[in-house]
Participant: 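Sharing a structure here in structure tokens format.
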Amino acid sequence: MVLPRPVSDTLIELLKPVACELGERLGASAVNERYAEIEPSGSSALNQQIKKDPRWTKAQVKYLQRQQAREQELIAIASIEEEKVKEERANRIRAEELRDQRTISRLGRELMREIQSEAIRVKLNEIQIIWDRDNWFSNLSRQETEQILQQQQHRLLLLVAPAKISQDCPDSFRHNLNIELPAKLRTFLNQHYPQHGESSPVQFYGDYFKNPISDIDVERLQTVLSPVPTAILYSDISDYEVNFHVGFWGIINQNVSLVAMQPWNWEEVYHQLEAEGKDEKVSLRIIRQIIVTIHKLLAAFLADLYYLKIDFTHEPQLFNLEAEFAQEWFSQDWALPYMETLKEIQEQQRITYKGEMRRLALREAKARAERKRLEEEALKSRQEAEAKSKRAKEFAHKLKNLKWRCAYTLPGHSSFVNSLAISPDGEILASGSWDKTIKIWNLETRELVGTLTGHSDRVNSVAISYDGKMLVSGSSDETIKFWNLYNGDLLCTFPGHSMEVNSVAINPKGQIIASCGGADNTIKLWNLRTGELLRTLRGHSDNVNAVVFSPDGKILASGSSDATSKVWDVESGKLLRTLSGLNVGVNSVAIAPDGQILASVSNDYTIKLRNLHTGSLLRILNSNSAKRKGVANLGMNEAVHILRNYVSRGDSVAISRDGLTLASGCDDNKINIWSLQTGELLSTLEGHSGTVYSVAIAPSGNLLASGSADETIKIWCCD
């Protein structure tokens with residue numbers, strides 16, 4: 001049966017504004033595609049808490065990957081000619097998509113339930129206080145309220161209150177409506193929105209309220225049930241009209257929304273039905289059925305609206321209920337505004353979700369690119385490390401198998417040979433001796449080129465400039481002398497330190513000389529060309545025995561009898577760090593060609609290798625280390641190798657230009673050749689009959705000069 005057209009038109013005008021208002025108040029806010037791509041709003045598919053959950057992100061990434069694979073497969077099957085096969089594969093892909101969407105939906109609700117759980121726990125603890133504070137709650141069931149809060153499944157709670165019916169209404173309303181309304185609504189929801197259903201579960205209570213309620217009662221109830229998304233339908237009926245009301249709050253937005261329809265003049269409809277020939281009983285029954293059906297429509301719309309709000313995959317059930325409503329005097333036009341509102345919100349949610357998935361795809365693409373870059377870098381690092389390790393092993397094997405031999409001996413000094421220096425081209429050797437002279441030797445011809453005299457006491461140190469043109473010497477006569485290396489001319493002399501000059505060094509990058517002395521415990525920096533004193537470095541508390549510049553000329557290292565090595569900034573003269581060892585003096589220092597390692601020889605019979613820039617101890621060389629297996633890098637002040645020259649005190653140290661080997665001379669008359677990379681003792685050279693005071697390695701790395709207390713210089717070569 002169809003209602004008279006005027007009645008139907010009246011209901012359409014009544015229902016349409018409510019669909020729009022509920023959509024705006026309770027549904028997803030209107031967000032256009034451009035906005036959704038820039039920043040998801042709080043009204044998009046899930047709230048930000050869930051979006052930040054790593055389980056949600058992981059599931060979204062997995063869904064995205066599977067979705068992309070399905071899109072590729074759909075493109076591939078388009079070329080299949082057999083329609084049946086094409087359709088079967090397309091159906092399978094659609095089924096997979098649906099399963100994945102349901103999995104995402106299920107996870108979203110599980111995460112929502114977790115978010116609810118803490119708020120629910122708080123409410124359960126507060127419920128007694130709330131119940132005692134407001135007498136209205138005595139009209140409700142405390143037990144049912146707690147059961148609602150304790151439900152483990154995420155669902156929409158829908159409550160319908162008894163209609164408030166005027167005494168002036170017909171007995172048919174007062175006797176039947178509050179029986180029909182909850183019963184028929186329960187049947188409807190159980191069929192289309194079952195509580196334990198997967199897509200849009202609704203938990204319905206038709207008898208939760210003992211009496212009719214008002215707006216204030218909805219707001220009161222929200223103080224207890226705020227963690228549970230809830231829709232409440234309530235109405236009041238006078239002798240001529242019906243007022244429909246909706247109260248609502250959700251898990252994302254817990255503010256109460258109250259929406260009321262325009263009053264519906266049921267009396268006018270009654271007269272229209274009467275004019276159509278309906279008797280009073282049938283007319284009132286039709287009006288009651290319309291009231292119940294409006295409640296069904298609102299319930300279905302609210303359920304679909306809520307699930308669209310939290311789940312972009314939700315397909316509204318209302319779209320499939322035309323036949324249901326057609327049996328109850330409804331025409332399709334009645335529900336049309338509600339379906340159009342749901343379709344609009346559904347499209348908005350899909351646009352929002354597509355924007356989010358595009359951003360996720362972009363992030364994933366960037367993440368994949370970054371992972372690939374890191375993997376490539378890690379692979380490159382591994383390959384470089386393996387290559388470096390291989391080269392180190394090859395070098396170690398090569399170095400270990402090098403046979404050093406004494407090629408010849410240079411006699412000529414009449415006392416200890418205290419200091420040696422080889423020119424940058426590897427052709428000239430300068431030697432300083434306690435016999436107060438400096439001798440210049442041609443390493444290729446073994447000839448004595450010249451003897452430089454001028455110091456009045458022993459020569460403690462000699463250094464050749466990096467252009468190979470100048471020689472600098474320091475002596476116990478308290479002076480520093482500058483010599484022309486080619487012709488032996490004395491260029492200038494200037495006072496150095498009180499008592500003696502122990503060591504001199506020339507900056508490889510600038511016109512600066514460093515010198516250190518005896519009793520004054522200082523280091524002085526001089527202008528190489530003018531002899532002008534630039535600055536004096538103070539900090540040691542005993543004799544400073546050795547100085548050396550870093551390859552870049554920015555750092556100066558010193559060793560002292562105060563048992564420390566110190567590292568200085570050349571430009572400012574600032575002390576950068578003090579490297580302490582055992583309570584023994586430091587006799588000699590050297591810096592590796594890469595500027596990373598500082599080697600120092602101490603009176604504790606050890607050679608310490610440190611990081612020049614951090615001061616951390618890398619290893620301590622021990623002449624017994626060859627018997628040990630493997631060497632590990634060390635942390636601060638840790639030592640794996642303790643390389644002790646048990647029979648002697650270390651006096652001198654030199655590092656080859658390739659940074660592979662270190663040579664040390666000792667007062668056991670021997671020279672030790674070490675691997676700088678592994679700390680392994682490679683060779684021990686014997687031949688001197690006195691303490692080896694000085695060693696120098698030629699730039700080629702295969703020639704070594706040693707000066708000894710036996711008054712000779714020995715030249716060693718490796719095959």
Side-chain angles (χ1 to χ4, degrees), residues 34 36-41 44-76 96-97 99-101 103-104 107-108 110-111 114 312 352-397 550-552 554 592-598 609-619 629-638 640 658-660 675-679:
R34 179 183 175 191
E37 287 178 351
I38 298 171
E39 180 62 37
S41 70
S44 55
L46 292 171
N47 66 17
Q48 295 304 310
Q49 273 184 282
I50 290 177
K51 290 177 184 178
K52 292 177 181 178
D53 192 294
R55 291 169 292 178
W56 176 254
T57 304
K58 183 178 179 180
Q60 291 291 84
V61 170
K62 185 176 179 181
Y63 172 72
L64 175 65
Q65 292 169 344
R66 290 170 63 86
Q67 188 184 57
Q68 291 171 338
R70 283 191 289 268
E71 289 173 356
Q72 293 299 317
E73 190 173 355
L74 282 171
I75 294 171
E96 288 179 359
E97 174 71 16
R99 281 198 302 272
D100 284 352
Q101 288 182 356
T103 300
I104 288 285
L107 174 62
E110 289 171 1
L111 296 176
E114 289 183 15
F312 83 100
T352 299
Y353 189 76
K354 285 178 181 177
E356 292 173 355
M357 292 302 283
R358 278 194 290 271
R359 287 190 297 277
L360 179 62
L362 181 60
R363 288 198 300 270
E364 277 301 295
K366 289 181 178 178
R368 283 195 301 271
E370 180 65 12
R371 286 194 297 270
K372 184 178 179 181
R373 185 185 67 80
L374 292 175
E375 289 171 0
E376 289 175 350
E377 286 184 356
L379 177 61
K380 184 178 179 181
S381 295
R382 286 196 302 271
Q383 291 173 340
E384 289 177 350
E386 290 171 0
K388 185 177 180 181
S389 175
K390 183 179 179 181
R391 287 195 302 271
K393 289 179 181 178
E394 291 173 351
F395 281 132
H397 179 76
S550 63
D552 62 8
K554 296 180 179 180
D594 62 2
Q596 299 298 313
I597 297 176
L598 171 67
L609 303 182
R610 299 180 187 268
N611 184 298
L612 180 65
H613 302 286
T614 66
S616 60
L617 183 62
L618 303 176
R619 53 176 60 93
K629 294 182 180 179
V631 181
N633 287 333
L634 310 174
M636 182 70 72
N637 296 327
E638 295 181 275
V640 169
D658 59 15
L660 297 177
S675 168
L676 196 63
Q677 293 181 333
T678 65

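Note: hydrogens, waters and symmetry copies are ignored here, and every other heavy atom, side chains too, is used.
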Participant: Got a salt bridge between Glu114 and Arg55, using NZ or NE/NH1/NH2 to carboxylate O under 4.0 Å?
Facilitator: yes
Participant: To the nearest 0.5 angstrom, please state how far the CD atom of Glu384 sits from the NZ atom of Lys390.
Facilitator: 15.0 Å
Participant: Leu609 and Leu676: side chain to side chain contact (heavy atoms under 4.5 Å, CB included), yes or no, with the steps?
Facilitator: CA-CA 9 Å; Leu609 303 182; Leu676 196 63; 3.9 Å; yes
Participant: Can you name the closest pair of heavy atoms from Gly679 and Arg619 and give their distance?
Facilitator: CA-CD, 3.9 Å
Participant: Are the side chain of His613 and the backbone N or O of Gly595 linked by a donor-acceptor pair below 3.5 Å?
Facilitator: yes
Participant: Looking at NZ of Lys372 and CZ of Arg368, how far apart are the two atoms once the value is rounded to the nearest 0.5 Å?
Facilitator: 11.0 Å
Participant: Once rounded to the nearest 0.5 Å, what's the spacing between atom OG1 of Thr57 and atom CG of Leu64?
Facilitator: 12.0 Å
Participant: If you round to the nearest 0.5 Å, how far is CD of Gln60 from CZ of Arg363?
Facilitator: 9.5 Å
Participant: About how many Å separate CD of Gln72 and CD1 of Ile75, when rounded to the nearest 0.5 Å?
Facilitator: 4.5 Å
Participant: Work out which heavy atom in Pro551 is nearest to a heavy atom in Ala592; give both atom names and the distance.
Facilitator: CG-O, 3.5 Å
Participant: Evaluate the side chain to side chain contact (heavy atoms under 4.5 Å, CB included) criterion for residues Arg610 and Leu618: first the C-alpha distance (whole Å), next the side-chain angles of each, then the deciding distance (0.1 Å), finally the verdict.
Facilitator: CA-CA 5 Å; Arg610 299 180 187 268; Leu618 303 176; 5.5 Å; no
Participant: Looking only at heavy atoms, which two atoms of Leu107 and Ala59 are closest? And how far apart?
Facilitator: CD2-CB, 3.4 Å
Participant: Under the rule for side chain to side chain contact (heavy atoms under 4.5 Å, CB included), what residues qualify as partners of Glu370, not counting sequence neighbours?
Facilitator: Arg373, Leu374
Participant: Any chance you could measure Asp594, atom CG, to Ser550, atom OG, to the nearest 0.5 Å?
Facilitator: 11.0 Å
Participant: Applying side chain to side chain contact (heavy atoms under 4.5 Å, CB included), can you list everything that pairs with Arg70, at least two apart in sequence or on another chain?
Facilitator: Tyr63, Arg66, Gln67, Ile93, Glu96, Glu97, Asp100
Participant: List in chain and number order the residues that pass side-chain hydrogen bond (donor to acceptor under 3.5 Å, both in side chains) with Arg99, two or more places apart in sequence or in another chain; answer none if no residue qualifies.
Facilitator: none
